[in-house]
Amino acid sequence: MSSCCVFLKLPTPSSRPSSSSFSRPQLPIPTANSRILCCSSNWVQNTLIGAISGALSFGLFFSLPFPPPSSSAATAALLEPPPSPSLQSCRDVVEPQQEELFPEVVTNEGLVQEAWQIVNDTFLDAGRHRWSQDAWQMKREDLVSNSIQTRSKAHQIIKRMLASLGDPYTRFLSPEEFSKMARYDMTGIGINLREIPDENGEPRLKVLGIILDGPAYSAGVRQGDEVLAVNNMELKGKTAFEASSILQGPSGTSVTIQVRHGNCGPVELIEVQRQLVARTPVFYRLEQMDSGATPVGYIRLKEFNALARKDLVIAMKRLQDMGASYFILDLRDNLGGLVQAGIEIAKLFLSEGDTVIYTVGRDPQFQEDIVTDTSPLVQAPVIVLVNDRTASASEIVASALHDNCKAVLVGKRTFGKGLIQSVFELQDGSGVVITVGKYVTPNHMDINGNGIEPDFQKLPAWNDVNRYLSQCSIHRQG
């Protein structure tokens, strides 16, 4: 999976698809590399816009153990589009006439139908409530049998419909709640990038999601455009996650991107003003332990937002330059965030070939073994601090480092949320959060409802840490 996560609003076609069921493109696991991997074939057919041959679909991977309060800064998600077919060469493609797309007015009945369709296409019943599409189809007939007079009534019907699933993480978002997802835009300019292979198998970075009123769209970037360079830096060979990090910068500053419109259109330089909402979740300091004999780099990570990986790398490098020979990564009270950010942060500590996590779900694309493809940024032993509010993306990092013998866990048993949610925008600006998959640790442990037991309850001596990790490596090698 190699795309990044951004919470984006998509333009709605000026006319509905011919199919009686319709759906809004989803923002998805990432995947974040993001993937939003939550679409059936029907869903894909209903979310085409025509700029490229691939499907338009965004998914947002939520990673919170429970719905946050409306004022909470802990909301987290991972967005990522589903895989798309390989790009065809220009000589094989007749580029369709592109039209400006504007949102249409959706009826109350249509809004309920839209939410029903999303559940039908993507929901994973991880709680063994014996959900079935046949029973869900019968519910649809009940829902659309009567007219719905007001928008608030439509929202109430959607809430009751989702509550009937018996899944505590599947829920409705008001337009106000949905709009607060902007800080999970990985680029800061309102686009979602996806790696799409061309006819030679070489990846191209395509815009597979764009905020309709965002900075990039306002500057002239369109759905399906290929991003070639950022500030004169060619992006060839870069992953979508890396490209998104390059696009980031202080809010209010400008970035110049080179794009090729459509599949074979003209190349243009476009200046875009950044609007990055996220704040750094990383705090760090150098501590002297063992009477000053052991310099330790302490890093506190509050959440996995769009800046998490980038700022963590800066902190780790600065601490190394300051002489840190050990690291403490504090994930206590970290409820999660962007799943893809968690995956990429775990890779910073793992060796090439180490498994980060396994994902499973209804969609075959969720059945994936996510493996590290780079060398570790640090080789030093690590202590990860955890407690009963260490959840979701935090548990991905903790289990990946623990199971690969890179860190010991210290504190309390973690929360135990191993489910993946995607956030979908509905056509009136509200949204739905749907459980679409689950993950298990590299040691094939299902942490959902179980959590991860720490190795130590109190901070151990570093000699004990070294001894524990050495024994772990011996046992792991057989």
With R204, the side chain to side chain contact (heavy atoms under 4.5 Å, CB included) member among E195, R194, E226
E226
Distance-only, no hydrogens or angles: does the N108 side chain make a donor-acceptor pair with backbone N or O of I148 under 3.5 Å?
yes
Taking every non-hydrogen atom, the tightest pair across T435 and T170
N-OG1, 3.2 Å
Measure the acute angle between the ring planes of F123 and W131, then classify it against the limits of 30° and 60° as parallel, tilted or perpendicular.
perpendicular
For M161, is there any backbone N or O sitting under 3.5 Å from a side-chain donor or acceptor partner on S164?
yes
Heavy-atom donor-acceptor pair, T372 side chain to D354 backbone, under 3.5 Å:
yes
4.5 Å side-chain heavy-atom contact, I434 and L162
yes
Student check: side-chain heavy atoms of V397 and F304 closer than 4.5 Å:
yes
Decide yes or no for V255 and N231: does some side-chain heavy atom of the first lie under 4.5 Å from some side-chain heavy atom of the second?
yes
Euclidean distance, I246 CD1 relative to K310 NZ, rounded to 0.5 Å
9.0 Å
Set of salt bridge (Lys or Arg N to Asp or Glu O under 4.0 Å) partners for R160, sequence neighbours left out:
none
State the CZ-CD1 distance between R222 and I270, to the nearest 0.5 angstrom.
8.5 Å
Can you check whether G224's main-chain N or O pairs, donor with acceptor, with K206's side chain at less than 3.5 Å?
yes
So CG of L301 and OG1 of T390: to nearest 0.5 Å the spacing works out to 10.5 Å
Please evaluate residues V282 and I299 with respect to the criterion side chain to side chain contact (heavy atoms under 4.5 Å, CB included), reporting the C-alpha separation (whole Å), side-chain torsions for both, the decisive distance (0.1 Å), and the verdict.
CA-CA 7 Å; V282 177; I299 303 174; 3.9 Å; yes
Taking Q248 for its side chain and A306 for its backbone only, find out whether a donor-acceptor pair lies under 3.5 Å.
yes
Which heavy-atom pair separates L419 from A126 by the least distance, and what is that distance?
CD2-CB, 3.4 Å
Mind listing the closest non-hydrogen atom pair of L111 and V106 along with its distance?
N-CG2, 3.7 Å
Write down the atom of L193, the atom of I191, and the distance for their closest heavy-atom approach.
CD2-CD1, 3.8 Å
Should we count CG of N232 as having more than 12 external heavy atoms under 6.0 Å?
no
Within the side chain of R309, is there an N or O that forms a donor-acceptor pair under 3.5 Å with the backbone of I343?
no
Would you call E177 and V423 a side-chain contact if the rule is heavy atoms closer than 4.5 Å?
no
Report the C-alpha separation of L307 and R279 in whole Å, then their side-chain angles, then the decisive distance to 0.1 Å, and conclude whether the side chain to side chain contact (heavy atoms under 4.5 Å, CB included) test is met.
CA-CA 7 Å; L307 296 178; R279 295 182 179 181; 5.7 Å; no
Side-chain (S430) to main-chain (L426) donor-acceptor, under 3.5 angstrom
no
In sequence, state the C-alpha distance, the side-chain angles, and the governing distance for E344 and Q340, and then conclude on side-chain hydrogen bond (donor to acceptor under 3.5 Å, both in side chains).
CA-CA 6 Å; E344 296 299 329; Q340 189 60 32; 2.8 Å; yes
Would you give the length of the straight line joining atom CZ of R151 to atom OG1 of T107, rounded to the nearest 0.5 angstrom?
7.5 Å
If you define the side chain from C-beta out and look only at heavy atoms, does anything of T441 sit under 4.5 Å from E395?
no
Who pairs with Y284 by ring-ring contact (aromatic ring centres under 6.0 Å, His included), at least two apart in sequence or on another chain?
none
We want to know whether T256 and Q258 form a side-chain donor-acceptor pair, criterion being a heavy-atom distance below 3.5 angstrom.
no
Would you give the length of the straight line joining atom CZ of F424 to atom CD of Q117, rounded to the nearest 0.5 angstrom?
11.0 Å
Residues V230, I257; criterion side chain to side chain contact (heavy atoms under 4.5 Å, CB included); working and verdict
CA-CA 5 Å; V230 175; I257 60 176; 4.1 Å; yes
What I want to check is whether the side chains of K406 and S351 have a donor and an acceptor closer together than 3.5 Å.
yes
So OG of S244 and NZ of K238: to nearest 0.5 Å the spacing works out to 12.5 Å
Test your reading of the model: is there a side-chain donor-acceptor pair from N448 to the backbone of G418, 3.5 Å cut-off?
yes
Go through the steps for Q137 and W116 under the test side chain to side chain contact (heavy atoms under 4.5 Å, CB included), then give the verdict.
CA-CA 9 Å; Q137 181 66 39; W116 177 91; 3.3 Å; yes
Heavy-atom donor-acceptor pair, D225 side chain to G262 backbone, under 3.5 Å
yes
Closest non-hydrogen atoms of A391 and F415, given as atom of the first, atom of the second and distance, are CB-CB, 3.7 Å
Heavy-atom side-chain proximity of L348 to V378 below 4.5 angstrom
no
Is there a side-chain contact between V356 and I396 (heavy atoms, below 4.5 Å)?
yes
For the student: nearest non-hydrogen atoms of A393 and V339, plus distance
CB-CA, 4.4 Å
Please check: side-chain N/O of S394 versus main-chain N/O of N334, any donor-acceptor pairing under 3.5 Å?
yes
Taking the side chain as everything from C-beta on, heavy atoms only, tell me whether M138 gets closer than 4.5 Å to D142.
no
